[in-house]
Amino acid sequence: MSTKYDSSNLARLLATSDGRTAALTDHALHRWRMRTPASATVPAREAFRRGEAIRDPGIVFSEDRDELVEARVFKMARGRDEWTAIFLVVVDQDQTRVDNEHNAELVIPTVLRVRQIEHGP
């Protein structure tokens with residue numbers, strides 16, 4: 001079985017805004033590395049902790065996503081190094097793992113990158 005969305009790594013358990021536990025998956029860590037600039041020095045776990053929950057996570061998608069529990073946005077603004085990432089938090093659909101006491105009911109399956117729009121005055 002693939003560990004792509006595994007939620008049993010205790011070192012990757014994070015608290016959501018409503019106090020539940022979410023696991024940062026291998027896939028989310030991979031996307032963090034792929035979608036953030038090479039100059040990014042903030043680790044994914046720290047970015048999630050410092051990020052802010054979007055009040056209405058449904059705005060992240062154009063279609064209805066019932067499984068989306070939280071979307072947390074992290075913005076880095078330091079000189080010319082400015083970028084934004086969004087962590088998606090969903091219900092773990094693999095219920096076979098939920099019975100394990102070390103698994104989280106929520107997972108962070110991916111990280112999205114918000115592209116900044118450059119515009120004139």
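Nothing fancy with the numbering, it's 1 onward along the sequence. No hydrogens, no waters, no symmetry mates; every other heavy atom, side chains included, goes into these values.
Rounding to the nearest 0.5 Å gives a distance of 5.5 Å between CG of Leu29 and CZ of Arg33. The distance from the CG atom of Leu106 to the CZ atom of Arg20 is 4.5 Å, given to the nearest 0.5 Å. Taking CG from Leu112 and CG from Leu88, the interatomic distance works out to 4.5 Å, rounded to the nearest 0.5 Å. Atoms CE and OG1, from Met76 and Thr36 in turn, are 10.0 Å apart once rounded to the nearest 0.5 Å. Interatomic distance, CD1 of Ile54 versus CG of Leu68, reported as 8.5 Å (0.5 Å rounding). One finds the CZ atom of Arg45 at 14.0 Å from the CZ atom of Arg50 (value rounded to the nearest 0.5 Å).
Shown here are the side-chain hydrogen bond (donor to acceptor under 3.5 Å, both in side chains) partners of Thr16, two or more places apart in sequence or in another chain: Asp18. The salt bridge (Lys or Arg N to Asp or Glu O under 4.0 Å) search around Glu52 returns none, not counting sequence neighbours. Judged as a side-chain hydrogen bond (donor to acceptor under 3.5 Å, both in side chains), and not counting sequence neighbours, the contacts of Ser39 are Asp81. Annotation: side-chain hydrogen bond (donor to acceptor under 3.5 Å, both in side chains) contacts of Asp56 (sequence neighbours excluded): none. Every residue meeting the salt bridge (Lys or Arg N to Asp or Glu O under 4.0 Å) condition with Arg49, not counting sequence neighbours, appears here in chain and number order: Glu46. Residues passing the ring pair (Phe, Tyr, Trp, His ring centres under 6.0 Å) test with Phe87 are Trp32, Phe48, sequence neighbours excluded. In this view, Ser17 and Glu70 satisfy the side-chain hydrogen bond (donor to acceptor under 3.5 Å, both in side chains) rule, not counting sequence neighbours.
Not one N or O on the side chain of Thr84 forms a donor-acceptor pair closer than 3.5 Å with the backbone of Val114. Remark: side-chain polar atoms of Arg35 are paired, donor with acceptor, to backbone N or O of Val111 under 3.5 angstrom. A distance-only check finds no donor-acceptor pair linking the side chain of Arg12 to the backbone of Ala23 [under 3.5 Å]. At distances below 3.5 Å, at least one donor-acceptor pair connects side-chain atoms of Arg72 with backbone N or O atoms of Gly51.
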Go through the steps to decide whether Met34 and Arg113 satisfy the test side chain to side chain contact (heavy atoms under 4.5 Å, CB included), and finish with yes or no. CA-CA 10 Å; Met34 298 292 293; Arg113 171 95 183 263; over 6 Å; no
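At a threshold of 4.5 Å between non-hydrogen side-chain atoms, the residues Leu14 and Leu24 count as touching. Within the 4.5 Å cutoff, no side-chain heavy atoms of Val90 are placed close to those of Val69.
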